[in-house]
Engineer: 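Input: one structure, supplied below.
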Amino acid sequence: MQREDILKRIAEIDAELKRRRQKGRLELYNSGRKKHKKQMAFHKCKKRNRWVFGGNRSGKTECGAVECLWILRGIHPYRKNRKDVFGWAVSLSQQVQRDVAQAKILSYLPKSWIADITMLSGRKDNPEGGVIDQIKIKNVFGGISTLGFKSCDQGREKFQGSSLDFVWFDEEPPRDVYEECVMRVMDREGDIFGTMTPLKGKTFIYNEIYLNVRKNPQIWHESITWEDNPFLSKKEAKLLESTLDSAALDARKYGRFSDGAGLVYPEFDENVHVVEPFDIPCDWQENISIDPGLNNPLSAHWYAVDWDGNVYVVAEHFAAGKDIDFHAGAIKEISRKLNWKTDGRGRLNALIDSAANQHTLASSKSVAELFAEKGIVVNTNVNKDMFTGIARVKSFLKRGNGEANLYVFSNCFNMIEEFRGYYWASGDAPVKRDDHCMDDVSVH
């Protein structure tokens, strides 16, 4: 090979190495030989409020940083792109910003994309060593996009006023900061996305996002564990696991929300126990079970048993702040649609908590008597022993042969949510919160 050819080849290699240094990490993220499938599920999701709950080293923060840069640059492979984007990266404190979210953004951001940097502290020619206020990023459509960095310790007032295209929460924010940021993206129909390890237990994010108690159709979440990260070696994962107790493992390995004492029904698996509704034969109909409440929610479920002894929760009524007339009417209407069996006098039969024998403040009659007047005869003679009920449900979730014998129709939303969020307290009883469906399933 001639000297000129050698020099030309060296120049080509240098150019290629320079190109890879500037764009390599971001290119490899989406096109490398290894792909993190749950990261890609997050990026492909079209919902406007999407979250990744992941353990440490699961790859969750990578999701947030890359999502920001793809949107700002106008090169998102799965969403509609635009120029002049304005977004925030929100951390718990400025120190955490510098060490985590800011560092991750800079590790993926080629210097050739940077139009300008404004610093809160430190020098703009060495942003890694200081705290960034804003980064201006060149957009492929010819505009300039802006990423502002915020920290929750600044207080809610510092989050007011701006109109944003997106907010990325790196770890869980306080509720007031979250709610303010939701308002910031409203007029632009922008996005909220978060990446977090649920170390604080079952906070408002658990209810608002994980359980989605408001049934917001724009909310989506994914949980990432160490096993989901193809870039984390099994040796390192095993070493990390050996340093954690069982409570810490829930959050730091599996990205689970926990009160620290564990799920009452860890056997419950939505992929196994939740099934799509189907027409049940009349001779499968078993019972209606009611957990009474007036100001608190009243929970009612319809149970069927097939010829093999499998139990199905086929319908649900769940409402709070209503009187007996309302609940009785709703129960009768659902029963009519199901063509549910009645006695010889056209009355429904149901099991109900023995508390229904007590009289209400507004009536000289008991809840049981009021239901009977409305054509629903309730049996209050039920076994209320908590441990017996829990043990029975556990046995149906997973029999000795490993097969499930309890299935919940997917339209029983509250039952499913309570199965997912029913935790032991520090003593020998479950946490008494959002447990109305769990009460009625345990006495059935």
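This one's a predicted model, so the numbers in the text were calculated from it and none came from an experiment.
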Engineer: Inspect the surroundings of CG in Asp343 and state if more than 12 heavy atoms from other residues, nucleotides or ligands are less than 6.0 Å away.
Structural biologist: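 Yes.
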
Engineer: Decide yes or no for Trp70 and Leu26: does some side-chain heavy atom of the first lie under 4.5 Å from some side-chain heavy atom of the second?
Structural biologist: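 The answer is yes, as the side chains (C-beta and beyond) meet within the 4.5 Å cut-off.
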
Engineer: Counting N and O atoms only, with roles assigned by atom type, does the side chain of Gln97 sit under 3.5 Å from a partner on the main chain of Ile132, one being a donor and the other an acceptor?
Structural biologist: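 Indeed, once roles are kept as given, a pair shorter than 3.5 Å links the two residues.
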
Engineer: Does some side-chain heavy atom of Phe371 sit less than 4.5 Å from a side-chain heavy atom of Ile324?
Structural biologist: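 Side chain of Ile324 against side chain of Phe371, heavy atoms only: contact under 4.5 Å found.
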
Engineer: Decide yes or no for Phe278 and Val314: does some side-chain heavy atom of the first lie under 4.5 Å from some side-chain heavy atom of the second?
Structural biologist: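 Contact flag for Phe278/Val314 side chains = no.
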
Engineer: Return the NE2 to OG distance between His36 and Ser58, rounded to the nearest 0.5 Å.
Structural biologist: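 His36 atom NE2 to Ser58 atom OG measures 6.0 Å (nearest 0.5 Å).
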
Engineer: Under the 3.5 angstrom rule, does the side chain of Asp306 hit a backbone N or O of Asp308 as a donor-acceptor pair?
Structural biologist: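 At least one qualifying donor-acceptor pair exists.
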
Engineer: Would you indicate whether Lys158, at its atom NZ, is surrounded by more than 12 heavy atoms from other residues, nucleotides or ligands within a distance under 6.0 Å?
Structural biologist: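 Not more than 12 within 6.0 Å, no.
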
Engineer: Quick check: does any side chain N or O of Lys332 sit under 3.5 Å from a backbone N or O of Lys374, one acting as donor and the other as acceptor?
Structural biologist: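 Confirmed, Lys332 side chain pairs with Lys374 backbone.
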
Engineer: For the residue pair Thr61 and Lys104, confirm or rule out a side-chain donor-acceptor distance under 3.5 Å.
Structural biologist: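 No, because no side-chain N or O of Thr61 sits under 3.5 Å from a partner of the opposite role on Lys104.
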
Engineer: Tell me whether Arg188 contacts the main-chain N or O of Ser163 through its side chain, where contact means a donor paired with an acceptor under 3.5 Å.
Structural biologist: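 Side chain of Arg188 to backbone of Ser163: a pair is present.
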
Engineer: Check whether the ring centres of Phe193 and Phe166 lie less than 6.0 Å apart, and answer yes or no.
Structural biologist: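 Ring centres of Phe166 and Phe193 closer than 6.0 Å.
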
Engineer: Under 4.0 Å between a side-chain nitrogen and a carboxylate oxygen: does that hold for Arg82 and Asp165?
Structural biologist: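 Looking at Asp165 together with Arg82, the answer is yes, because their closest N to O distance falls below 4.0 Å.
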
Engineer: Roughly how far, to the nearest 0.5 Å, is CZ of Arg184 from CD of Glu179?
Structural biologist: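 It is 12.5 Å, given to the nearest 0.5 Å.
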
Engineer: Once rounded to the nearest 0.5 Å, what's the spacing between atom NE2 of His76 and atom SG of Cys68?
Structural biologist: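 Here the rounded value is 10.0 Å.
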
Engineer: Within the distance-only criterion (no hydrogens, no angle test), does the side chain of Gln134 pair as donor or acceptor with the backbone N or O of Thr118 below 3.5 angstrom?
Structural biologist: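 Not at all, since once roles are kept as given, no pair shorter than 3.5 Å links the two residues.
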
Engineer: Donor-acceptor pair, Glu171 side chain versus Leu92 backbone, under 3.5 Å?
Structural biologist: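 Not a single qualifying donor-acceptor pair exists.
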
Engineer: Between the side chains of Ser410 and Glu276, does any donor sit under 3.5 Å from an acceptor?
Structural biologist: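 The criterion, which ignores hydrogens and geometry beyond distance, is satisfied for Glu276 and Ser410.
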
Engineer: Between Glu316 (side chain only) and Met415 (backbone N and O only), is there a donor and an acceptor less than 3.5 Å apart?
Structural biologist: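 Pair found, side chain donor or acceptor close to backbone of Met415.
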
Engineer: Counting only heavy atoms not in Glu189, do more than 12 fall under 6.0 Å of its CD?
Structural biologist: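 No, because the 6.0 Å sphere around CD of Glu189 holds 12 heavy atoms or fewer from other groups.
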
Engineer: Do Cys437 and His301 have side chains that approach each other closer than 4.5 Å (heavy atoms only, starting at C-beta)?
Structural biologist: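 Result yes, sub-4.5 Å side-chain heavy-atom pair found.
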
Engineer: Which is it for Phe318 and Phe413 under the ring-ring contact (aromatic ring centres under 6.0 Å, His included) test, yes or no, and what are the steps along the way?
Structural biologist: CA-CA 9 Å; Phe318 191 93; Phe413 304 111; over 10 Å; no

Engineer: Between Trp340 and Ile288, is any pair of side-chain heavy atoms under 4.5 Å apart?
Structural biologist: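 The answer is yes, as the side chains (C-beta and beyond) meet within the 4.5 Å cut-off.
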
Engineer: For a ring-ring contact (aromatic ring centres under 6.0 Å, His included) with His221, tell me which candidate from Trp51, Phe53, Phe42 qualifies.
Structural biologist: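 Output: one option passes, namely Phe53.
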
Engineer: Counting neighbours of NZ on Lys337 that are heavy atoms of other residues, nucleotides or ligands and sit closer than 6.0 Å, is the number greater than 12?
Structural biologist: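 No, not enclosed.
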
Engineer: Between Arg50 and Glu222, does any NZ, NE, NH1 or NH2 come within less than 4.0 Å of an OD or OE carboxylate oxygen?
Structural biologist: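 No salt bridge links Glu222 with Arg50.
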
Engineer: Got a donor-acceptor contact below 3.5 angstrom from the Asn139 side chain to the Leu72 backbone?
Structural biologist: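 Here the side-chain-to-backbone pair exists.
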
Engineer: If only atom types and distance count, is the side chain of Asp84 paired as donor or acceptor with the main-chain N or O of Ile144 below 3.5 Å?
Structural biologist: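 Looks like yes, one N/O pair under 3.5 Å.
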
Engineer: Less than 4.5 Å apart, any side-chain heavy atom of Ser91 and any of Phe149?
Structural biologist: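 Ser91 vs Phe149: side chains apart.
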
Engineer: Donor-acceptor check, side chain of Lys150 to backbone of Trp88, threshold 3.5 angstrom: yes or no?
Structural biologist: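 No, Lys150 side chain to Trp88 backbone: no donor-acceptor pair under 3.5 Å.
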
Engineer: If you measure from the Lys or Arg side-chain nitrogens to the Asp or Glu carboxylate oxygens, is any gap between Arg156 and Asp176 under 4.0 Å?
Structural biologist: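 Asp176 and Arg156: not salt-bridged.
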
Engineer: Would Arg420 count as a cation-pi partner of Phe268, with NZ or CZ less than 6.0 Å from the six-membered ring centre and within 45° of the ring normal?
Structural biologist: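 The answer is no, since Arg420 fails at least one limit relative to Phe268.
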
Engineer: Can you see which heavy atom on Pro173 is nearest to which on Tyr178, and at what distance?
Structural biologist: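 Nearest heavy atoms, Pro173 then Tyr178: CG-CB, 3.9 Å.
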
Engineer: Does one side chain, of Glu227 or Thr225, offer a donor that lies under 3.5 Å from an acceptor on the other?
Structural biologist: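 Their side chains do contain a donor-acceptor pair, which is all the 3.5 Å distance test asks for.
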
Engineer: Does the pair Asp191/Lys47 count as a salt bridge with the N-to-O cut at 4.0 Å?
Structural biologist: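 A salt bridge is absent here (no side-chain N lies under 4.0 Å from a carboxylate O).
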
Engineer: Could you grab the distance from atom CD1 of Ile135 to atom OG of Ser145, nearest 0.5 Å is fine?
Structural biologist: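 Answer for the CD1-OG pair, Ile135 versus Ser145, is 12.0 Å.
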
